[in-house]
Structures are given as C-alpha cells and as structure tokens.
Amino acid sequence: MSTPSICIIVVSGSHERLQMAAMLASVGAVSGNEVNVFLSMNSLQYFAKGADIAAPAEGSFGELMAVKNVPPFKSLFEQAVELGDAKIYPCSMALDVMGIDEDALEPWLGEPMGLTKFLSMAQDAQVWSF
Amino acid sequence: MAERKVIDARGSFCPGPLMELIGGMKLAQVGDELEVLSNDKGSVNDIPEWIRKVGHEMLEVREEGDVWHIAVRKVK
C-alpha cells in the first residue's frame, strides 16, 4: 500500500483548527507520508520568528485545551519538519499583505509559495483544509 | 539483554507520546528497546499502529495503575 502525499491548507487562526492541522501534519509526516503545508490568512501570524501568541479558542474544546497539557501546535509543526521532513510554506500573498518578508518567519518554514505551485503539489494528493 | 530507554510522556496528550517516541527512535541504535509511559489512552492504539506501519517491533503493552507502558524495538 503506497502512502499518499498530504497537502494541508491552514487559513484559520483558531486554536482548534491550528491544533488539528498540526496533529495531522506531524503524525502524517512521521508515518511516511510526504506532507506539504500551506499557511495563509489568519494562521501566518503565529509563525513569525519567536512569536508565542495564544490562539483564541473557537469553542469549548479550545478552552479546555488551553488548560490541559496538549502539545503546542507550533511545536508539532516543527516536529513534522524535523522528524518527518514535512515542508511548511508561507503564502507569498499573505506575506505581501502583512508587509513582512520570509526573514521575519521561523527558520524551519520553507520558501514562500504561491497558490499556483501549491495547486500543482496538491494535484494527486489528499487535501485537507483548516 | 539490550538496554531499555524509558520515555516518560505522562501528562501529555495525543500525539505527544508518539512524537516523543519518534524523537527517541531517531537517537536510538538498531536493536535498542524503548518504553513509553503514557496516560493518554489513545497511545495504546496509536503507537502500535505507527510501529506496524513504519516496520519496527512491538514488544509489549501493559497497564500499571493509570499508566500505560508501551515497549518497542527499533529494527531498522
């Protein structure tokens, strides 16, 4: 059984969605799947270099996670890269709108990517969006 | 008998214990045994599934009090 390539698009800034995306990226990547993550819109702010911003809860589960010892989503994304060779790409449009360049982001992120390239990557992959 | 390295992931939730095991696996030598301590019940299913998928060896899963002990061997 071949392991599919997984493409994950994250546009939400909510704790629940970021957490689920990070869980999927990390477990997928360490299980032999090629994982490509595209970060845009409200998700990108958390990946500024050294940013330690708490993501707001969307509902009661997010509030519960805030007081339990769930692994931080940012650490899970970093583990996906370090332990599973996942690639995490900031959206070039989002960088333009925010007025920052890639040097302002965590060094374990990949090069900024446009949607056209990501669509090519996603062509034969499972696609998940958060 | 091979040394068994203990990875204490008690108090962490999915996928924390699995990710800690994988971090330990990266540093281990082929043939080494690792034992994860977890009180996240999902680990009891997730870790054996990962081991099967990736091709390492499950040694044992046992419950002691409210802690699961999941022992594996790195085979490649």
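Here is how names work: the chains are called A, B, and so on, in the same order as the sequence lines, proteins then strands, and each is numbered from 1.
Tracing side-chain contacts under 4.5 Å through hydrophobic residues (I, L, V, M, F, W, Y), one reaches A:Val81 starting from A:Val10; they form part of the same cluster. In the hydrophobic clustering of this structure, B:Phe13 groups with A:Phe61; members are Ile, Leu, Val, Met, Phe, Trp, Tyr whose side-chain heavy atoms approach within less than 4.5 Å, directly or through other members. Hydrophobic clustering (ILVMFWY, side-chain heavy atoms < 4.5 Å, transitive): B:Val44 and B:Leu18 are in one cluster. Residues A:Phe73 and A:Ile53 share a hydrophobic cluster, clusters being chains of Ile/Leu/Val/Met/Phe/Trp/Tyr side chains in contact below 4.5 Å. In terms of hydrophobic clustering, with Ile, Leu, Val, Met, Phe, Trp and Tyr side chains grouped at heavy-atom distances under 4.5 Å, B:Leu59 and B:Ile51 are assigned to different clusters.
Residue B:Ser12 comes nearest to A:Pro71 through the heavy atom pair OG-CG, 4.1 Å, listed as atom of the first residue, atom of the second, then distance.
The choice from B:Asp46, B:Asp40, B:Ile22 that makes the most heavy-atom pairs within less than 4.5 Å of chain A is B:Ile22.
In this structure, A:Gln79 CD and B:Glu20 CD are separated by 8.0 Å, a value rounded to the nearest 0.5 Å.
Of residues 107-130 of chain A, not one residue has a non-hydrogen atom less than 4.5 Å from any non-hydrogen atom of chain B. Annotation: residues 14-38 of chain A contacts chain B through A:Met23, A:Ser26, A:Val27, A:Val30, A:Ser31, A:Asn33 [non-hydrogen atoms, separation under 4.5 Å].
More than 12 heavy-atom neighbours from other residues, nucleotides or ligands sit within 6.0 angstrom of CD on B:Glu60. Heavy atoms from other residues, nucleotides or ligands lying under 6.0 Å from CE of A:Met93 number 12 at most. Taking a 6.0 Å sphere around NZ of B:Lys41, one finds it holds 12 or fewer heavy atoms contributed by other residues, nucleotides or ligands.
Under the 4.5 Å side-chain criterion, counting only non-hydrogen atoms from C-beta, B:Met25 is not in contact with A:Leu83.
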